[in-house]
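Here is the structure we will look at.
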Amino acid sequence: MDKYVCTACGYVYDPAVGDPDGNIPPGTPFEDLPEDWVCPVCGVEKDMFEKM
């Protein structure tokens, strides 16, 4: 699965890890994140992320 990086702050979403603080379980592809999911570091929306 592809990792995605936040273009605003550099946070990397790794599907193998998920987003524990956002209740996103490991193994969740970026494409399957909820539409209202935001960067856990800076709060920008998914459209500010780019595939690594």
Tell me the closest heavy-atom pair linking V17 and P26, and the distance in Å.
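Looking at all heavy atoms of both residues, the shortest contact is O-CG, 3.6 Å.
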
Quick one: closest heavy-atom pair of P29 and Y13, and the distance?
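Between these two residues, the closest heavy atoms are C-CE2, 4.3 Å.
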
Is there a chain of hydrophobic side chains (I, L, V, M, F, W, Y, each step under 4.5 Å between heavy atoms) that links F49 to V41?
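Same cluster: F49 reaches V41 through Ile, Leu, Val, Met, Phe, Trp or Tyr contacts under 4.5 Å.
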
Determine, using the 4.5 Å side-chain heavy-atom cutoff (strictly less than), whether W37 and V5 are members of one ILVMFWY cluster.
no

Any side-chain to backbone donor/acceptor pair from K46 onto V38? Under 3.5 Å, distance only.
no

Donor-acceptor pair, T7 side chain versus M48 backbone, under 3.5 Å?
yes

I need the [X] [atom1] to [Y] [atom2] distance, nearest 0.5 Å.
X: D19; Y: L33; atom1: CG; atom2: CG; answer: 8.0 Å
X: D2; Y: E50; atom1: CG; atom2: CD; answer: 13.0 Å
X: T28; Y: M1; atom1: OG1; atom2: CE; answer: 7.5 Å
X: K3; Y: K51; atom1: NZ; atom2: NZ; answer: 14.0 Å

Do Y11 and P40 come within less than 4.5 Å of each other through their side chains, counting heavy atoms only?
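SC-SC contact between Y11 and P40 confirmed.
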
Do V44 and C39 come close enough that some side-chain heavy atom pair is under 4.5 Å?
yes

Among residues at least two apart in sequence or on other chains, which ones pass ring-ring contact (aromatic ring centres under 6.0 Å, His included) with Y4?
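Expected list: F30.
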
